[in-house]
Amino acid sequence: MSHGSSTPMSRRLAAGAATLLLAAGLAGCSDGGAQERAAGKGVPAAGASSAGAADRTRRPEPEQASQSPSAAASASASPMPSAEAADSSAADGPLKGKVVVVDPGHNSRNNEHTAEINRQVDIGTGHKECDTTGTETNSGYTEAAFSLDLAHRLRKILQERGAKVVLTHDGDRPFGPCVTERADIGNKAHGDAAISLHADGAAPGQRGFHVILPASVHGGAADTSSIVGPSKELGARVAGKFVQSTGSAPSNYIGEGSGLDTRGDLGGLNLSTIPKVFIECGNMRDAQDAAQLTDETWREKAAQGIANGITDFLHG
């Protein structure tokens, strides 16, 4: 999903030393497209915002896959445990004792609750929609279905490494949760790291992934001063490992080729008190990216890359 733009200077500052970590990932990437990415920034088609559609509307705020849209919708509508309960017991492993909060962007039933998700909520520096519907591929595979499927894959990997995983929702809610509640769930879980999963809705030809970092903001309930540094490190490690695992190139339309973007207008980041980033795994409106996003094998690689980045971060 799209979320609003940050200034080139803020993007350069966000990349900083983190560029070295991403460069290490690029060195191991066999995708020739990484050499051809453009430095400009595009503007997504109207209404095609993804990750933050509510939390990011381009840019305004990030279920199961390789199945038909109707099957995905049916799967996501079935009863599931509440977000707070979806944190199954952890096994022994390198992440034992760590808490990771995984935030699947949007909700497949948001379009049935437009009044509720359009309600304005306070993100500290302003007001945003409670949540948004997200975007979808031209064939109708939704961002909400993608993000929940990816969340399940990521949860499994992290739990196998010993982490306690808390989902902000598990397809069990009629809509949302609102971006403010998504942040609050992570804060109350005292997470060691949090990530919000999305896919963008930009124009065809705009390709690649990018990781969104919190800007330094202070206003109302928003104060990111304690999480900006660790979130930058988390984002850089996730970006580098995502490249290594998937072979995907950083965005050719956001982040000037760094794979990193800094935003101060996303409630999910502004209100977080734990290190947190968003990841836009690709552009659902581009045919080449959509082919990856709808492929189960690629999604498993994406989950592995994100998990590896989080693991690296938590091990310092």
Side-chain angles (χ1 to χ4, degrees), residues 1-29 31 33-44 50-52 55-56 58-59 61-62 103 105 193-200 202 206-217 224 227-266 268-270 272 274-283 289 302 305-313:
M1 112 194 195
S2 256
H3 325 226
S5 61
S6 58
T7 65
M9 178 59 72
S10 65
R11 288 197 299 272
R12 287 194 292 271
L13 291 174
T19 302
L20 295 176
L21 293 169
L22 180 56
L26 287 171
C29 174
D31 184 356
Q35 306 302 320
E36 301 174 354
R37 61 186 181 278
K41 174 185 269 188
V43 179
S50 129
D55 216 7
R56 351 162 237 172
R58 200 161 257 324
R59 282 188 81 330
E61 192 185 74
D103 178 29
I195 189 161
S196 190
L197 307 175
H198 294 273
D200 213 351
Q206 296 180 331
R207 298 195 58 202
F209 77 93
H210 64 278
V211 177
I212 302 174
L213 316 175
S216 179
V217 298
T224 61
I227 69 164
V228 167
S231 296
K232 182 192 295 186
E233 181 183 353
L234 170 63
R237 292 183 183 275
V238 167
K241 294 300 183 180
F242 193 83
V243 169
Q244 289 182 342
S245 182
T246 66
S248 296
S251 170
N252 65 9
Y253 62 101
I254 292 175
E256 298 179 337
S258 71
L260 303 173
D261 188 31
T262 301
R263 299 283 302 275
D265 62 334
L266 305 183
L269 295 181
N270 285 5
S272 181
I274 62 176
K276 184 175 181 179
V277 297
F278 282 37
I279 183 168
E280 298 280 4
C281 295
N283 176 18
D289 274 10
I306 294 169
N308 290 346
I310 292 171
T311 301
D312 261 15
F313 169 75

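Throughout, numbering of the chain's residues begins at 1 and tracks the sequence. Keep in mind it's a predicted model, so treat the numbers as computed, not measured.
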Exercise for the section: Quick one: list whatever passes side chain to side chain donor-acceptor pair (under 3.5 Å) with S272, sequence neighbours left out. Expected result: none
Practice task
Please confirm whether the backbone N or O of G255 pairs with a side-chain atom of S258, one donor and one acceptor, at under 3.5 Å?
Solution key: yes
Handout entry: Inter-residue atom distance S251.OG - F209.CZ, 0.5 Å rounding
Key = 9.0 Å
Fill in the blank from the handout: In this structure, OG of S231 is separated from CD1 of I212 (nearest 0.5 Å) by 12.5 Å
Handout entry: side chain to side chain donor-acceptor pair (under 3.5 Å) partners for N270, two or more places apart
Key = T125
Handout entry: Stepwise side-chain contact (heavy atoms from CB on, under 4.5 Å) test for I310 and I195
Key = CA-CA 9 Å; I310 292 171; I195 189 161; 4.1 Å; yes
Problem - Beyond-backbone contact of L266 with F278, side-chain heavy atoms, under 4.5 angstrom - result: yes
Problem - Heavy-atom pair of closest approach, residues P214 and I227 - result: CG-CD1, 4.2 Å
Problem - Value rounded to 0.5 Å, distance of CG in L269 from CG in L213 - result: 8.5 Å
Handout entry: L260 side, atom CG; H210 side, atom NE2 - distance, nearest 0.5 Å
Key = 10.0 Å
Practice task
Measure the spacing between CG of D289 and CD of Q206 and express it to the nearest 0.5 Å.
Solution key: 10.5 Å
Practice task
Using atom types as modelled and distance alone, determine if a side-chain donor or acceptor of S248 lies under 3.5 Å from a backbone N or O of G208.
Solution key: no
Practice task
State, to 0.1 Å, how close A193 and L234 come at their nearest heavy-atom pair, and which atoms those are.
Solution key: CB-CD2, 4.2 Å
Problem - Donor-acceptor contact below 3.5 Å, side chain N283 vs main chain A202 - result: yes
Practice task
Might you point out which heavy atoms bring P230 and F313 nearest each other, and give the distance in Å?
Solution key: O-CE1, 3.2 Å
Exercise for the section: Could you tell me the separation between the CD1 atom of I279 and the OG atom of S196, rounded to the nearest 0.5 Å? Expected result: 10.5 Å
Problem - N252 side chain vs R207 backbone, donor-acceptor pair below 3.5 Å - result: yes
Problem - Sidechain-backbone polar pair: T311 side chain, A307 backbone, donor-acceptor under 3.5 Å - result: yes
Practice task
Please check if any side-chain donor atom of D200 sits under 3.5 Å from a side-chain acceptor atom of Y253, or the reverse.
Solution key: yes
